Asks: 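Next up is a structure, given as structure tokens.
Being a predicted model, the structure only gives us computed values, none of them experimental.
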Amino acid sequence: MDPIKEVRNALVPHLKKLEDERVAIISDIDVDGLASAAILGHVLNNVGADFVLYFSPPANFEEVVSGIAPECDVLIAADLGSTGETAIHDAKSEGCRVIVVDHHQVLEDVRPDVFIHDTRLCAAELCYWATVDLHERDLRLIAAYAAFTDYAEEYSRVLREVLKMYDRRKVYTEASLLDYALIRMDGEYRQELALKLPETSVSELDEVYELARDAMAEEHEVLRRAREVAECLNEVVAYAIMDDVHPAMTGRVASHVAGVKRRPVGVCVRRGKISARVVEGEEIDVARAIRKAATEVGGKGGGHAPAAGGVVPESKVEEFLRLFGEEVKRQVESVRTRKS
């Protein structure tokens, strides 16, 4: 089934009604979240809606929503929400209508008023196609940045179209610059950038270059320290506990320690926040493993099969890692048994 056919202009009738509403957009802190906010902000400007942008990592989604839901009539969550059952319920109890545009696995009984969801496309591309008839500018390049940095190239029609218009070095370089710059970017500039992107080339944003350079230097040092503290949990999982690392670096650390320790799965733990990545083994589902292990220790988690995250009580990190390692090992053994 064509994912674009299912979502094309699905948000248009809802957004056209928002002229007199107070709207809050909340997105993830990565390029996919930024691009989603940029696309939605562009459209809401076009329909004359009064809106404010917020950004939050998935682990803080519930907390941020609790603070903004009483002040808005409509909450739009982009690249967030598929594991936000409590947050969505609480927002609706405040009289807030909730729209969710997301691509992560649905692991909870989430019931927003409008749900645009497909795991094959990144959230920004879902936002793009769900609002395409309301665009006054060509927003494909913005969505393509997100498809590339979120590893969603396989089904991305937007990225294919953009790579026919621009050399891939331009697209991938600009996307990577944004990806690094966001690590060092404060909330106010992140909001400004989301509103600028539909009208401004990345090449004109000097601060993006400066922030990206600083973030790359920081990453180099972080990965060096990750190699020093990395441990093998078992024959399939390597991990590093790095409580002082930037939240946006945890996925990079997880991938790095997996490669360094030659394990198919890597985990980074930061103050009870979990990031897991699969670098080898297409049938390993770390979202399911995190969800199961985190639930057993009073936490929660979700994401995609090859890349997922969660949050657990800091006092339960060791127990979580044990349970997570056992679950991933069971998955690997199950695949081997099935194939033998």
Asks: Would you call Leu15 and Leu44 a side-chain contact if the rule is heavy atoms closer than 4.5 Å?
Replies: yes

Asks: Could you check whether any side-chain heavy atom of Ser82 comes within less than 4.5 Å of a side-chain heavy atom of Phe115, counting everything from C-beta outward?
Replies: yes

Asks: I'd like to know if Arg271 and Glu314 make a salt bridge, using a cut-off of under 4.0 Å between side-chain N and carboxylate O.
Replies: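 No.
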
Asks: Identify, with sequence neighbours excluded, every residue that meets side-chain hydrogen bond (donor to acceptor under 3.5 Å, both in side chains) alongside Asp133.
Replies: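 For Asp133, the residues satisfying side-chain hydrogen bond (donor to acceptor under 3.5 Å, both in side chains) (neighbours in sequence not counted) are Asn9.
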
Asks: With a 4.5 Å heavy-atom cut-off, do Arg157 and Asp2 have their side chains touching?
Replies: yes

Asks: How far does NZ of Lys300 sit from CZ of Phe61, to the nearest 0.5 angstrom?
Replies: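 Atom-to-atom, Lys300:NZ and Phe61:CZ are 9.0 Å apart.
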
Asks: About how many Å separate CD of Glu231 and NZ of Lys261, when rounded to the nearest 0.5 Å?
Replies: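 Result: 6.0 Å between the selected atoms.
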
Asks: At their closest point, which heavy atom of Tyr155 faces which heavy atom of Arg160, and how far apart are they?
Replies: C-NH1, 3.9 Å

Asks: Would Arg263 and Glu235 pass as an ion pair if we require N to O under 4.0 Å?
Replies: no

Asks: Is a salt bridge present between Glu21 and Arg97, judged by a nitrogen-to-oxygen distance below 4.0 Å?
Replies: yes

Asks: Would Leu182 end up clustered with Leu80 when hydrophobic side chains under 4.5 Å apart are linked, directly or stepwise?
Replies: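 As far as the 4.5 Å side-chain criterion goes, Leu80 and Leu182 are not connected within one cluster.
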
Asks: With sequence neighbours excluded, tell me which residues meet salt bridge (Lys or Arg N to Asp or Glu O under 4.0 Å) with Glu62.
Replies: none

Asks: Does any part of the side chain of Ile290, heavy atoms only, come nearer than 4.5 Å to the side chain of Glu327, both counted from C-beta?
Replies: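 Side chain of Glu327 against side chain of Ile290, heavy atoms only: no contact under 4.5 Å found.
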
Asks: Which atoms form the tightest heavy-atom contact between Phe148 and Glu153, and what is the distance?
Replies: CD1-OE2, 3.8 Å

Asks: Does Glu154 come within less than 4.0 Å of Arg120, counting only side-chain N to carboxylate O?
Replies: no

Asks: Any chance you could measure Gln105, atom CD, to His117, atom NE2, to the nearest 0.5 Å?
Replies: 8.0 Å

Asks: Going hydrophobic residue to hydrophobic residue with side-chain gaps under 4.5 angstrom, can you get from Leu321 over to Val260?
Replies: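 The answer is no; the residues belong to distinct hydrophobic clusters.
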
Asks: Looking at side-chain heavy atoms only, is the closest gap between Val332 and Ile284 below 4.5 Å?
Replies: yes

Asks: For Val202 versus Leu197, what's the shortest heavy-atom pair and its separation?
Replies: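 So the two residues come closest at CG2-CD2, 4.3 Å.
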
Asks: Identify whether Phe51 and Ile68 are in the same connected component of the hydrophobic contact network (ILVMFWY, side-chain heavy atoms under 4.5 Å).
Replies: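 No, because Phe51 and Ile68 fall into different hydrophobic clusters, even though each may have its own neighbours under 4.5 Å.
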
Asks: Say you draw a straight line from CG of Leu40 to CG of Asn45; how long is it, rounded to the nearest 0.5 Å?
Replies: 11.5 Å

Asks: Flag the pair Asp50 and Arg22 as a salt bridge only when some basic side-chain nitrogen lies within less than 4.0 angstrom of an acidic carboxylate oxygen.
Replies: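 Salt bridge: no.
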
Asks: My understanding is that a hydrophobic cluster links ILVMFWY residues whose side chain heavy atoms are under 4.5 Å apart, including indirect links. Using that, what else belongs to the cluster containing Val279?
Replies: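 Its cluster mates, by chain and number: none.
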
Asks: What pairs with Tyr209 under ring-ring contact (aromatic ring centres under 6.0 Å, His included), at least two apart in sequence or on another chain?
Replies: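 ring-ring contact (aromatic ring centres under 6.0 Å, His included) check on Tyr209 returns nothing, list empty.
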
Asks: Would you indicate whether the side-chain heavy atoms of Ile241 and Asp243 approach each other to under 4.5 Å?
Replies: yes

Asks: Working to the nearest 0.5 Å, report the span between CG of Leu178 and CG of Asp32.
Replies: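 Answer for the CG-CG pair, Leu178 versus Asp32, is 12.5 Å.
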
Asks: Given side chains that start at C-beta, do those of Asp79 and His104 come closer than 4.5 Å, heavy atoms only?
Replies: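 The answer is yes, as the side chains (C-beta and beyond) meet within the 4.5 Å cut-off.
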
Asks: So does Glu210 pair up with Arg213, basic N to acidic O under 4.0 Å?
Replies: no

Asks: Taking only Lys NZ, Arg NE, NH1 and NH2, and the carboxylate oxygens of Asp or Glu, determine whether Lys92 and Asp90 approach each other closer than 4.0 Å.
Replies: no

Asks: Distance from Leu205 atom CG to Glu192 atom CD, nearest 0.5 Å?
Replies: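 That separation rounds to 11.0 Å.
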
Asks: Does the pair Tyr145 and Val162 meet the rule for a side-chain contact (heavy atoms from CB on, under 4.5 Å), with working shown?
Replies: CA-CA 10 Å; Tyr145 294 152; Val162 164; over 6 Å; no

Asks: For Met216, which fellow cluster members are found when Ile, Leu, Val, Met, Phe, Trp and Tyr are connected by side-chain heavy-atom distances below 4.5 angstrom, either directly or through intermediates?
Replies: Tyr180, Ile183, Val222, Leu223, Val229, Met242, Val245, Met249, Val253, Val257

Asks: Taking only residues two or more places apart in sequence, or in another chain, which ones meet His103 in a ring-ring contact (aromatic ring centres under 6.0 Å, His included)?
Replies: His304

Asks: Between Arg137 and His42, do the side chains contain a donor N or O and an acceptor N or O under 3.5 Å apart?
Replies: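 No.
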
Asks: Do Val312 and Lys273 come within less than 4.5 Å of each other through their side chains, counting heavy atoms only?
Replies: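 SC-SC contact between Val312 and Lys273 ruled out.
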
Asks: Give the minimum heavy-atom separation between Ala146 and Ala124, together with the two atoms involved.
Replies: CB-CB, 3.5 Å

Asks: Salt bridge between Glu228 and Arg224, side-chain N to carboxylate O under 4.0 Å?
Replies: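 Looking at Glu228 and Arg224, the cut-off is met.
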
Asks: Is the positively charged end of Lys170 above the ring of Tyr166, judged by distance under 6.0 angstrom from the centroid and angle within 45° of the axis?
Replies: yes

Asks: Salt bridge or not for Arg252 and Asp179, using N-O below 4.0 Å?
Replies: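 Looking at Arg252 and Asp179, the cut-off is met.
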
